Structures are given as C-alpha cells and as structure tokens.
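Written out below as structure tokens is the structure these notes cover.
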Amino acid sequence: MKKTLFTLLLSFTLLLYADVFSYDFGEHRDIGDRAFTQFISQLIREGFFKDTTEAVDFFESYLNMQYSKTENSLYFLDLTHEPNEVTYGVLNGLSGDHEENPESVRDNLNYKYSILNQILFLHNKFMAEFQHESPNSEILSIDPSFAYLAVTDFSHFYDYGKSLRYHLEQLERSDLILLKSPSGIPEVFGRLKKITSLGKYVTLHTFAVYLAELAGKYYSSDTARSKAYFFYAFLYSAFADHFLEDCFASGHIVVNRSIFNAIINNKGLHDFYNKTGLQVMNLNGNIWKTYGDHNLNKPDENWRRLKDYADIKIITVTPKEQIVIDAVTLSVNEIWTGFYKFRNDTANNSYPVHILDLVPGQKERLQSFCLEHFAALKLIPVPFDSDLDEYKLNKKDLPTLKRVNSLIENRNFVRSRVANSFMLELGSLNTFSLSGTEDDVSLFGLRFNLSAQFYKYNDTRNKGGTFDNWFGLTGSFNMGYNRNWKPVMRQYKAGGYYNGDFWVSKRRYIGVFSYIEVGLQNKDDLNKAMFSPSLGLQLGPLLGLDDFSLPRWLWIPIQMIVLPLKLMINLNVVPGQMPAYNLFGEIDLIL
C-alpha cells in the first residue's frame, strides 16, 4: 500500500516535470545502433570477416539476428514481435529506464503483450513523428511503476565532486560471482541501483565480457551452450552500455544522488546542464562541450563562423555524439574480443584466464584494472575534481585539463535558481494600508517555487556585466496574527515568479525578484479573492554573503540570525478593502 501511494505521488510529480527522469530513448537507441553498425564494420576491416554479407550471416546464425531494411540495422528475432524490431540500440534505450535487469528485459520482450512491448511501440510511434520518445504521461498511463523506478534508481548519474577513482572502486568482485547464477540477479541489481553510472557500467561490462568468454570456450564443444552465452553477453553489454552512454550526458554528471535531491534540485540541474552543456575532458586529453537529453546531437551551427558556403560541411552525426558512439563501439568490440580469444585459444588447447579471475580483491587496485581492460574509459568525461596527477596525461596540457576538470563555476548559484525551493517568509509587525491606518498584523508564510522552466543564462566564464533571467511557478500560504498572537487571517496564493540577476563582477551580483499571484484571503470568517504582486531585492550576493555551497544546517541560521538576505515588498489587493502592503524577509530553507 505504501509503495502504491508513493508511486502515485511520483507519477504526479513526473507529469509536472515531463522529462526529468526519462533519459531520452531515441538518443540511446540511435547511439547503440550506430555503434553496433560501426562495430561490424570494424570486424570487417580487421579481417574477421571478408565483407558485410559474411558478417551478417554469422550474426544471423549465431545470435538469430536479422537485417532490417527499415532500421538499417540487425535486430534480435528472439526478442521481436512485429511491428517492434529489437535492435542493440533498442536494448540500450529500454535497459535501466524501463526494466531493472537484463533478464527482465528478455522476459518482457519475449512476452508479446507485455507492458514493455507496449512502451516500445509507443516510443516508435512518437519517433516516427520526429519526437525523441513517448511523453512520460503516455508511459505512466500504462506503467505507473515507471515513476517508482525512475526516482529510486540513482545509477544513471555520476556523484558530483567525487573522483574517477571513487567511481571505479564501486566495482565489487562479489557481485560478479553472484551473477554467475541467474538467482543472484535480484540481489546484485538491488545494490547496483545505489551506485553511479560509471560503477554500474564497469560491473555489468565485466560480466558481459565473461559471458562472451564462456561462449568462446564452448564454441567447438557445445554449440547450443555457446550461442546461449553469446546472446546473454550482448544482452548484458547493451544494458551496461546504457549507463556508459549516461556518462556523457552533461545533466547526468552534475548532481548528488539521493531521493531527497531527486525531488528538490536534481531535476533542475539535470535539465539546465543538458540544455546549456558543459565543457569536459577525458583521459586521452580531449576537451569538448557535451550536452544531454534531447540535445546530444543538436547541430553545432559552425556555419556562423564561416565566410564561404563552399566551406559548410553537412554532417549527420556531430562530434559530441560521435565520441559517445566510439565509446560504445569499443565496449561492444571487447565482447567480441573475449569471445574470439577463448574460441581460438580453447581450440588450440590453451586455457586463458577469465576476466572474473583478474578482478582484484583490493579496492585500491580496481582503477588500474578497469583502465587497463576497458578502452571506453579513456573517452568518457572524467568526473569533476578528480586527481589528474594519477593519470598519464601530457604535462604540457595538464594545467588546462585541471582547469576544465575543476568544480563547475556558478554551479551552486544555478542550483539556487533551478531547484525546487522552499522559503520561509517573515512579515513586518505592521501592515500599513495606503490610507495610513495601522492594522498591527504579523504575517508568517511558507512559499514553494517550482524549478525554473524558462530562463536566459549567459554561459560565460567572466560573468561581469551580464544579466540572467529566470521564470517559474510559485505557490504560498500566509498566516496573519494580531498583537495577542491570535490568528486573524489566512492567505492562499499561486502564480509565477521572476528572478533577474545582474552580475557586477565574476562572482558578485545583485538579484531582483518578483511574484505575481492570485488567490484567496480568509479574514473575519469571509473568503475573498485577492491579487498579490511582490517586488524584492537580494543584496547578500553583492556583499559576498551568498555562498550556496554552505551546508543547509549553517546557511539557514545565518539568514535568520545575521540578516535576511532577501527583502520584499508585497501588495495585497482585496475587493472591498483598502490596498495594503507588507515588508517581508525571505529565508531559503532548501537550496
């Protein structure tokens, strides 16, 4: 019962925030399919097959795949019910977002009338209309549990401010041992929901390589067993690669993961940085600007810098998407390498060591193991604030790479603007009417601002002289007390808010904010409509008293004891009453 109520609440929340937890099925599918095609082309170039026909014949016979002219890709016949065609990219998109583990994906794709097949049909329907995926409202109408999975699964994100070493040390050999038996799946995937996208990738990819090795081992002696292991190797690989792809989404590498943060500020940070992008670097020394959901392959508009039409290059895949495709290609290729190595060595009576036996038991050796065996890790964005001195980077480039990898400037400021925020409002002891009469009422209120849905932010390192604008929805409740502390008034209001921030220097700004609300006032047992505009000033940032990185337990008392950092004048217009205004101090409770 509790889970049902929680799921209904989360479903309502997701309907308000259309794309907060859905990681763009279309992008995952396109990346996976392009990578799989690139992988087959690579096998041909390296001489494993003489041409495309021979390569396709092998995968048709050994994985029961078939070539789709409509999708221009191979798809898994055993998982397909027309009109759905389940390609490697489709598995990428469904894994993790709609099912908790690979076996659930297989089970529910096998069953023709499953909710998962209905969801895939919905995604395909909307993608045929040039949309990225089905809206969450459509998915929730057939699968309310989608909301519960979305909010309780933290593994689609990095942990902001934690190093690359921290993320890779989440690999645990005990999980890999448990996965040797399907009965261990629930326990392992229950734990994997709590680790990061990078930790989940290296765990599942390691196991996928192991399954491929088993497929190679039985290639000559037990064809049926070999084919079964080969299929599961790709099923686990597709699941793992979903989380590898998430490592590149800018909105997935800036949050601190928890249910509390998911509801309060992760949504805002996720959406903001997915749209505006982030400059990142990798262990190959590359620096680029990566984007997130709905924006990964958005055109770069490089033509704006050109003088000649002949210099314009028409490309279907932008460099920022190509690096993700290359990473997934490397990942899939390691499945083949494990399979082929054991197939050949076993045939020659040689017995190589399984990758599971190479995973170190000592946590401090896990990073070296992962970087040695998994080539895609050289391409992913390095988590911010990692110790770059640990890695073999060009010393000449190291200062620049460290600057790019340092904690994001203004990230905490952005969080304060796009987070779902609670504020405590403390009114002046007196409410003065425009006629000059004094009512001697104190007002105490609670306000809730939804994450800013519209904004214009100047994404520049030197913010001095720029002006940012933020718009969103707000709601508030005020209680009025007379001098004897008897409640005499209640106000219920809702409307929109605006924040305008003028930056006088790189780190200091003056903030102007406003609320335009309508609602209901209950006074003297009478309910009357009211109109309530407000105008406020946030001077703290100008004085250097606006450090949003302070812990909440310290930040809130500073505002209460030292001074309210936000002051606001509020006008109340109620029919039959003289217009009145109040002076409020506003205190941020949650940032």
Side-chain angles (χ1 to χ4, degrees), residues 32-33 35-40 42-43 48-49 55 58-65 73-79 86-92 94-96 99 101-107 109-110 171 175-182 184-185 188-189 192 200-245 327-346 352-359 373-376:
D33 284 343
F36 198 83
T37 300
Q38 195 167 281
F39 153 69
I40 291 178
Q42 185 173 319
L43 293 182
F48 292 102
F49 303 104
F58 173 81
F59 282 97
E60 285 183 348
S61 65
Y62 221 73
L63 276 181
N64 198 23
M65 301 185 85
S73 182
L74 289 166
Y75 65 93
F76 296 85
L77 277 172
D78 293 337
L79 301 177
V86 180
T87 62
Y88 190 83
V90 166
L91 292 177
N92 278 167
L94 297 177
S95 297
E99 294 294 342
N101 62 68
E103 188 58 26
S104 292
V105 174
R106 185 202 62 79
D107 261 352
L109 287 176
N110 279 154
L171 171 63
D175 286 338
L176 302 173
I177 301 303
L178 280 172
L179 284 177
K180 284 186 173 183
S181 168
I185 289 175
V188 173
F189 278 83
L192 294 183
K200 193 164 187 174
Y201 167 69
V202 294
T203 300
L204 296 180
H205 182 62
T206 303
F207 191 70
V209 172
Y210 170 71
L211 290 172
E213 292 173 348
L214 291 180
K217 177 180 178 180
Y218 290 104
Y219 181 77
S220 300
S221 60
D222 191 336
T223 302
R225 181 180 289 269
S226 176
K227 288 182 176 180
Y229 281 130
F230 201 50
F231 167 78
Y232 274 102
F234 279 93
L235 186 62
Y236 268 84
S237 177
F239 207 99
D241 286 344
H242 176 103
F243 296 91
L244 173 62
E245 292 155 15
V328 176
T329 303
L330 289 171
S331 185
V332 179
N333 191 62
E334 286 166 355
I335 304 303
W336 176 264
T337 300
F339 166 73
Y340 194 79
K341 177 182 178 181
F342 270 72
R343 188 180 85 175
N344 279 15
D345 288 359
T346 304
V353 179
H354 283 292
I355 193 168
L356 261 60
D357 297 323
L358 298 175
V359 177
H373 288 86
F374 307 141

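These figures come from a predicted structure and were not determined experimentally.
Expressed to the nearest 0.5 Å, how far CD of E245 lies from CZ of F243 amounts to 10.0 Å. One distance of note links OH of Y232 with CG of L214; it measures 13.5 Å at 0.5 Å rounding. Going from atom CZ of R106 over to atom CD of E99 covers 11.5 Å, rounded to the nearest 0.5 Å. Remark: F342 CZ to I355 CD1 distance equals 9.5 Å, nearest 0.5 Å. Here the straight-line distance linking atom CD1 of I40 with atom CG of N333 works out to 11.5 Å at 0.5 Å rounding.
Side-chain contact check for L91 versus L79: some heavy-atom pair is nearer than 4.5 Å. Residues N101 and V188 form no side-chain contact, since every pair of their non-hydrogen atoms from C-beta on lies 4.5 Å or further apart. Looking at heavy atoms from C-beta onward, L192 lies in side-chain contact with L204 at the 4.5 angstrom threshold. Between K341 and P352 there is a side-chain heavy-atom pair separated by less than 4.5 Å. The shortest side-chain heavy-atom distance between L109 and L94 falls under the 4.5 Å cut-off. The closest side-chain heavy-atom distance from H373 to V209 is not below 4.5 Å. Between T206 and F374 there is a side-chain heavy-atom pair separated by less than 4.5 Å.
Under the rule for a ring-ring contact (aromatic ring centres under 6.0 Å, His included), the partners of F230 that lie at least two apart in sequence or sit in another chain are Y62, F234, F339. For T329, the side chain to side chain donor-acceptor pair (under 3.5 Å) partners at least two apart in sequence or on another chain are Q38. Here N64 pairs with L77, D78 under the side-chain contact (heavy atoms from CB on, under 4.5 Å) rule; sequence neighbours left out. Checked against salt bridge (charged side-chain N to carboxylate O under 4.0 Å, His left out), D107 has no partners two or more places apart in sequence or in another chain. With sequence neighbours left out, the side chain to side chain donor-acceptor pair (under 3.5 Å) criterion links Y75 to Q66. With sequence neighbours left out, Y210 forms a ring-ring contact (aromatic ring centres under 6.0 Å, His included) with F207, H354. Qualifying side chain to side chain donor-acceptor pair (under 3.5 Å) partners for S61, counting only residues two or more places apart in sequence or in other chains: none. In this structure E334 satisfies the salt bridge (charged side-chain N to carboxylate O under 4.0 Å, His left out) test with no other residue, sequence neighbours excluded. For T37, the side chain to side chain donor-acceptor pair (under 3.5 Å) test picks out no residue, with sequence neighbours left out. For A327, the side-chain contact (heavy atoms from CB on, under 4.5 Å) criterion is met by L244, F248, A376, L379, not counting sequence neighbours. Partners of Y88 under the ring-ring contact (aromatic ring centres under 6.0 Å, His included) rule, at least two apart in sequence or in another chain, are F36.
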Self-check item: T203/D175 under side-chain hydrogen bond (donor to acceptor under 3.5 Å, both in side chains): CA gap, chis, key distance, verdict
Solution: CA-CA 8 Å; T203 300; D175 286 338; 5.4 Å; no
Practice problem: Would you sort out whether L43 and Y340 count as a side chain to side chain contact (heavy atoms under 4.5 Å, CB included), showing the intermediate values? | Solution: CA-CA 11 Å; L43 293 182; Y340 194 79; over 6 Å; no
Exercise. Apply the test side chain to side chain contact (heavy atoms under 4.5 Å, CB included) to residues Y236 and L179: give CA-CA distance (whole Å), side-chain angles for both, the deciding distance (0.1 Å), then the verdict.
Key: CA-CA 11 Å; Y236 268 84; L179 284 177; 4.1 Å; yes
Quiz item: Given the rule in the side chain to side chain contact (heavy atoms under 4.5 Å, CB included) test, do H205 and I335 qualify, once you have shown the distances and angles that lead to the verdict?
Solution: CA-CA 9 Å; H205 182 62; I335 304 303; 4.1 Å; yes
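Using the six-membered ring where Trp is involved, F49 and W336 have ring planes that are tilted, between 30° and 60° apart.
Listed for the H242 side chain is no donor-acceptor partner under 3.5 Å among the backbone atoms of G96. Although no hydrogens or angles enter the test, the distance criterion places no donor-acceptor pair under 3.5 Å between the side chain of S226 and the main chain of D222.
Between the side chains of E213 and Y229, no donor-acceptor pair is found at a separation under 3.5 Å.
Applying the salt bridge (Lys or Arg N to Asp or Glu O under 4.0 Å) rule to pairs touching residues 231-242 yields nothing, sequence neighbours excluded.
Taking each heavy atom of V353 and D357 in turn, the nearest pair found is CG1-CB, 3.7 Å. Taking each heavy atom of A212 and A233 in turn, the nearest pair found is N-CB, 3.6 Å. Closest approach of D33 and G89 over heavy atoms only: OD1-N, 2.8 Å.
F189 and F239 have their aromatic ring centers within a separation under 6.0 angstrom.
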